[in-house]
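This chain uses plain numbering: 1 for the first residue, then up along the sequence. Only heavy atoms go into these numbers, but all of them, side chains included; no hydrogens, no water, no symmetry mates.
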Amino acid sequence: MKETVLMFAIPDKGVRNDLRNLLTPLKVQMKYVERPQYNRTLAYLAGLQPMKDLPLPYDGPEFEEPLLIFAGFSDQKLGVILDALKKYERCSFPLKAVMTETSQNWAAAYAYIHIKAEHESLHRENP
(Lines give C-alpha, C1' and ligand atoms only; values in the text may rest on other atoms or scores of the structure.)
Protein backbone atom coordinates (compact mmCIF):
# COMPACT_ATOMS: atom_id res chain seq x y z
CA MET A 1 0.00 0.00 0.00
CA LYS A 2 1.33 3.45 -0.92
CA GLU A 3 1.76 5.70 2.09
CA THR A 4 -0.98 8.30 1.79
CA VAL A 5 -2.15 11.27 3.82
CA LEU A 6 -5.78 12.22 3.26
CA MET A 7 -6.41 15.90 4.02
CA PHE A 8 -9.87 17.25 4.79
CA ALA A 9 -11.25 20.74 5.46
CA ILE A 10 -8.05 22.71 4.90
CA PRO A 11 -9.39 25.63 2.86
CA ASP A 12 -6.10 27.58 2.90
CA LYS A 13 -4.18 26.45 -0.19
CA GLY A 14 -1.01 27.88 1.34
CA VAL A 15 -1.29 25.50 4.29
CA ARG A 16 -1.98 22.58 1.93
CA ASN A 17 1.12 23.53 -0.05
CA ASP A 18 3.13 23.77 3.18
CA LEU A 19 1.99 20.24 4.05
CA ARG A 20 3.06 19.01 0.62
CA ASN A 21 6.44 20.72 0.92
CA LEU A 22 6.94 19.23 4.37
CA LEU A 23 5.99 15.68 3.38
CA THR A 24 7.10 15.35 -0.25
CA PRO A 25 10.75 14.73 0.70
CA LEU A 26 9.49 11.75 2.72
CA LYS A 27 7.95 10.30 -0.47
CA VAL A 28 4.42 10.51 0.89
CA GLN A 29 1.38 10.70 -1.36
CA MET A 30 -0.94 13.57 -0.40
CA LYS A 31 -4.60 13.79 -1.35
CA TYR A 32 -6.88 16.71 -0.58
CA VAL A 33 -10.45 15.46 -0.33
CA GLU A 34 -13.15 17.90 -1.40
CA ARG A 35 -16.48 18.08 0.47
CA PRO A 36 -18.56 16.29 -2.23
CA GLN A 37 -16.42 13.15 -1.61
CA TYR A 38 -17.01 12.99 2.17
CA ASN A 39 -19.47 10.10 1.74
CA ARG A 40 -16.84 7.86 0.13
CA THR A 41 -14.90 5.29 2.12
CA LEU A 42 -11.44 6.01 3.42
CA ALA A 43 -10.13 2.97 1.50
CA TYR A 44 -11.51 4.36 -1.75
CA LEU A 45 -10.11 7.83 -1.05
CA ALA A 46 -6.68 6.33 -0.28
CA GLY A 47 -6.77 4.37 -3.55
CA LEU A 48 -7.03 0.94 -1.92
CA GLN A 49 -10.33 -0.26 -3.34
CA PRO A 50 -12.80 0.77 -6.01
CA MET A 51 -16.26 2.02 -5.13
CA LYS A 52 -18.81 -0.62 -6.02
CA ASP A 53 -21.70 1.84 -6.06
CA LEU A 54 -20.71 5.45 -6.49
CA PRO A 55 -22.75 7.39 -3.92
CA LEU A 56 -24.35 10.74 -4.61
CA PRO A 57 -22.15 13.69 -3.72
CA TYR A 58 -22.09 14.53 -0.01
CA ASP A 59 -24.33 17.49 0.75
CA GLY A 60 -23.85 17.74 4.50
CA PRO A 61 -21.93 20.41 6.36
CA GLU A 62 -18.22 21.05 5.95
CA PHE A 63 -16.05 19.62 8.73
CA GLU A 64 -15.58 22.17 11.52
CA GLU A 65 -11.86 21.41 11.84
CA PRO A 66 -9.15 20.10 9.54
CA LEU A 67 -8.54 16.36 9.63
CA LEU A 68 -5.56 14.26 8.52
CA ILE A 69 -5.90 10.49 7.96
CA PHE A 70 -2.71 8.43 7.56
CA ALA A 71 -2.89 5.24 5.50
CA GLY A 72 -0.18 2.62 5.04
CA PHE A 73 2.55 3.99 7.30
CA SER A 74 4.96 2.07 9.50
CA ASP A 75 5.04 3.22 13.13
CA GLN A 76 8.55 4.59 12.60
CA LYS A 77 7.68 6.69 9.55
CA LEU A 78 4.45 7.89 11.15
CA GLY A 79 6.52 9.06 14.14
CA VAL A 80 8.84 11.02 11.83
CA ILE A 81 5.86 12.66 10.14
CA LEU A 82 4.12 13.55 13.40
CA ASP A 83 7.35 15.07 14.74
CA ALA A 84 7.69 17.15 11.56
CA LEU A 85 4.09 18.35 11.85
CA LYS A 86 4.61 19.39 15.48
CA LYS A 87 7.64 21.49 14.56
CA TYR A 88 5.78 23.36 11.84
CA GLU A 89 2.94 25.20 13.59
CA ARG A 90 0.90 25.97 10.44
CA CYS A 91 0.60 22.22 9.80
CA SER A 92 -0.19 21.16 13.37
CA PHE A 93 -3.79 19.95 13.41
CA PRO A 94 -5.47 18.41 16.46
CA LEU A 95 -7.55 15.89 14.50
CA LYS A 96 -5.34 13.13 13.12
CA ALA A 97 -5.91 9.40 12.82
CA VAL A 98 -4.45 6.27 11.30
CA MET A 99 -6.66 4.34 8.91
CA THR A 100 -7.27 0.87 10.34
CA GLU A 101 -8.82 -2.30 9.00
CA THR A 102 -12.10 -1.21 10.57
CA SER A 103 -12.02 2.49 9.72
CA GLN A 104 -11.06 1.92 6.08
CA ASN A 105 -14.70 0.97 5.46
CA TRP A 106 -16.06 4.15 7.02
CA ALA A 107 -17.28 7.07 4.97
CA ALA A 108 -15.09 10.11 5.55
CA ALA A 109 -18.00 12.01 7.16
CA TYR A 110 -18.53 9.17 9.65
CA ALA A 111 -14.80 8.97 10.36
CA TYR A 112 -14.71 12.72 11.10
CA ILE A 113 -17.60 12.48 13.57
CA HIS A 114 -15.98 9.47 15.29
CA ILE A 115 -12.47 10.98 15.44
CA LYS A 116 -13.74 14.37 16.66
CA ALA A 117 -15.82 12.72 19.43
CA GLU A 118 -12.84 10.59 20.50
CA HIS A 119 -10.57 13.66 20.53
CA GLU A 120 -13.06 15.63 22.64
CA SER A 121 -13.48 12.72 25.04
CA LEU A 122 -9.72 12.41 25.52
CA HIS A 123 -9.39 16.12 26.22
CA ARG A 124 -12.23 16.06 28.77
CA GLU A 125 -10.48 13.23 30.61
CA ASN A 126 -6.94 14.71 30.31
CA PRO A 127 -7.26 18.52 30.19
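The ring pair (Phe, Tyr, Trp, His ring centres under 6.0 Å) search around Phe70 returns Phe73, not counting sequence neighbours. In terms of the side chain to side chain contact (heavy atoms under 4.5 Å, CB included) criterion, residue partners of Ala97 (sequence neighbours excluded) are, by chain and number, Ile69, Ile115.
Separation of atoms NE2 (His119) and NZ (Lys96) is listed at 8.0 Å; rounding is to 0.5 Å. In this structure, CG in Leu22 is found 8.5 Å from CE in Met30, a value given to the nearest 0.5 Å. Annotation: the span from Ile113 atom CD1 to Glu118 atom CD amounts to 14.0 Å, rounded to 0.5 Å. The distance from the CG atom of Leu45 to the CE atom of Met7 is 12.0 Å, given to the nearest 0.5 Å.
With a 4.5 Å cut-off on side-chain heavy atoms, Tyr88 and Asp18 count as touching. Using a 4.5 Å heavy-atom threshold, the side chains of Leu95 and Leu68 count as separate. Using a 4.5 Å heavy-atom cutoff, the side chains of Thr100 and Trp106 are not in contact. Under the 4.5 Å side-chain criterion, counting only non-hydrogen atoms from C-beta, Lys77 is in contact with Leu26.
Checking side-chain atoms of Ser103 against main-chain N and O of Met99 turns up no donor-acceptor pair under 3.5 Å. Tyr112 places no side-chain N or O within 3.5 Å of a backbone atom of Pro66 that could act as its donor or acceptor partner. With hydrogens and angles ignored, the 3.5 Å screen pairs no side-chain donor or acceptor of Lys116 with any backbone N or O of Ala111. A donor-acceptor contact shorter than 3.5 Å links the side chain of Thr4 to the backbone of Lys2.
For the residue pair Pro11 and Ala9, the shortest heavy atom distance occurs at CD-O, 3.3 Å.
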Side chain to side chain contact (heavy atoms under 4.5 Å, CB included) between Thr24 and Val28, worked out: CA-CA 6 Å; Thr24 297; Val28 172; over 6 Å; no
Check against side chain to side chain contact (heavy atoms under 4.5 Å, CB included), Leu42 and Leu48: CA-CA 9 Å; Leu42 297 179; Leu48 298 177; over 6 Å; no
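Salt-bridge formation is not detected for the pair Lys27/Glu3: no Lys NZ or Arg NE/NH1/NH2 atom is positioned less than 4.0 Å from an Asp or Glu carboxylate oxygen.
Ring planes of His114 and Tyr110: parallel class, angle under 30° (limits at 30 and 60°).
Summarising the local packing, CG of Asn17 is surrounded by more than 12 heavy atoms from other residues, nucleotides or ligands at distances under 6.0 Å. For Asp83, the CG atom counts as densely surrounded, since its 6.0 Å shell holds more than 12 non-hydrogen atoms of other residues, nucleotides or ligands.
Within the structure, side-chain hydrogen bond (donor to acceptor under 3.5 Å, both in side chains) pairs that include any residue of residues 31-47 comprise Tyr38-Glu62 (at least two apart or interchain).
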